[in-house]
Amino acid sequence: MMKDQLIVNRLCKQIQNKAILKDISFSASTGDIIVVSGHNGAGKTTLLRIIAGLMPKSSGEVLWNRQSYGLDHGQIGYMSHKPMLYEALSVVDNLEFFARLYGCWSADKGRELLKLTGLWLHRYEPVGVLSRGMQQRLALARVLIGAPRLLLYDEPFTGLDLEGQRLLREIIQEYQSAALQIIVTHEHSFLEGLVYREIKLMNGKMEEGALR
Amino acid sequence: MTGYGLKLWLIYKKDFLTELRTADSLLSTIIFGIMLVVIFSFAFQLTDVAVDKAFAAVLWISIFFTSTLSLQRSFANEKENDTISALLLAVGDRGCVFLAKVLANLTTLVLLAAVIVPLAWILIDVQAAGPNHFGLLLLSLLLGSWGLAAVGTLINGITVQLAGTRLLFPLLLFPLLVPVLIGSILSSTAAIQQTGASMWGWIYLLLCFDLIYTVVPLILFDYVLEG
């Protein structure tokens with residue numbers, strides 16, 4: 001299978017004359033796990049949102065298989081510390097809604113993901129009544145149902161209990177062969193056992209990365 | 001159904017379902033509308049204003065104020081949990097999200113009108129218009145609601161990304177809606193007074209306004225929801 005490639009070249013982002021990202025360059029391909037770390041306000045989430053196509057860049061290039069893209073990418077899974085779910089809709093309605101938008105709904109796949117994330121017994125409950133951790137688990141199912149080839153996680157371990165953190169770590173490991181994954185996190189302990197490259201951001205600038 | 005059409009339907013259905021399941025939001029909107037009609041109709045009973053002239057004004061002022069309640073929820077709900085990001089990534093087209101929300105808001109306004117119009121009709125004691133003119137009144141209601149939904153959705157999309165959205169929303173919305181309000185009141189009055197011929201100018205104005213405020217944001221919505 002051909003590997004997908006992400007190239008970020010001299011990426012800059014300025015908001016109201018404040019430079020949020022300065023000259024960020026790196027490349028990665030399917031199978032890579034990139035961990036983005038840095039202090040609060042270093043520009044981690046901005047970098048992730050630009051790569052997702054949710055935010056415009058000020059200058060530079062973000063290429064997927066040597067082509068620029070926007071929201072039309074269609075194969076990006078984005079998990080943030082907010083669950084990004086509709087609280088008035090049930091667990092299964094949320095999952096089905098997003099899957100149908102991606103054009104890939106199948107009841108079997110939905111059942112499989114809900115069982116994997118431990119939400120099968122709660123499938124008819126409104127998301128609003130679920131605990132924060134359970135909402136994060138559903139967010140994970142939402143991300144995975146679209147069969148993404150670029151997985152972006154922004155502080156994904158926030159709100160998850162130990163079991164949820166173990167599940168997320170297993171999923172990151174399982175998807176290593178199928179997708180390129182970029183994880184924004186402060187907590188490196190959650191990533192123990194994974195092989196990843198690290199990008200450190202300091203006031204919007206990229207510091208030297210390391211292979212772990 | 002095309003991919004675009006299917007996405008439009010899915011977002012529309014989701015928005016409408018969410019509105020129905022958070023019944024307190026829809027209910028509070030409708031109750032506010034009923035209260036406005038009742039208060040206005042009592043106020044007009046105490047004056048010498050001709051009821052057929054008062055009817056359209058009462059109706060549209062009630063719809064206008066009530067609609068701001070439901071319209072400002074449109075993108076605010078999406079922003080609260082950042083569902084807008086997940087939605088945009090799945091849809092891949094900001095214009096499609098805009099159009100679906102206009103349709104969902106239009107449906108809510110039509111539901112609101114379905115409650116308010118008969119109530120205002122009874123309370124203000126309007127003399128029955130002929131079936132032809134009642135059809136024209138419905139047309140005026142539909143076009144006016146379309147205008148409200150289109151402009152409201154656009155302004156909500158713009159203001160939801162800014163600080164002080166609750167203040168900015170009505171401040172930006174009201175001046176833009178003045179042509180819709182004038183066109184809707186005058187065309188509805190003409191329908192009630194059974195002077196159908198004089199209303200067509202206003203109907204065309206409403207139609208043009210609706211088309212402009214639907215098509216232009218559809219093209220430019222990429223810039224509205226950017227950031």
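Each chain gets a letter, A, B and so on, in the order its sequence line appears, and its residues count up from 1.
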Please round to the nearest 0.5 Å and tell me the distance separating atom [atom1] of [X] and atom [atom2] of [Y].
X         : Y        : atom1 : atom2 : result
Asp82(B)  : Tyr78(A) : CG    : OH    : 7.0 Å
Arg94(B)  : Leu71(A) : CZ    : CG    : 4.0 Å
Arg100(A) : Lys13(B) : CZ    : NZ    : 6.5 Å

Taking all atoms of both residues into account, what is the closest heavy-atom pair of [X] and [Y], and its distance?
X         : Y        : answer
Ser85(B)  : Met84(A) : CB-CE, 3.5 Å
Arg142(A) : Ala86(B) : NH1-CB, 3.5 Å
Lys82(A)  : Glu80(B) : NZ-O, 3.7 Å

Asp222(B), Ile84(B), Leu88(B): which one forms the most heavy-atom pairs within less than 4.5 Å of chain A?
Leu88(B)

Got a sec: does the CZ of Arg166(A) have more than 12 other heavy atoms crowding it under 6.0 Å?
yes

Heavy atoms from other residues, nucleotides or ligands near NZ of Lys22(A) exceed 12 (cutoff 6.0 Å)
yes

Are any of the side-chain heavy atoms of [X] and [Y] separated by less than 4.5 Å?
X         : Y         : value
Leu101(A) : Ile11(B)  : yes
Leu89(B)  : Tyr102(A) : yes
Tyr86(A)  : Leu87(B)  : yes

Side chain from CB out, backbone as N, CA, C, O: work out which of these in Leu85(A) comes under 4.5 Å of a heavy atom of chain B, or both, or neither.
backbone

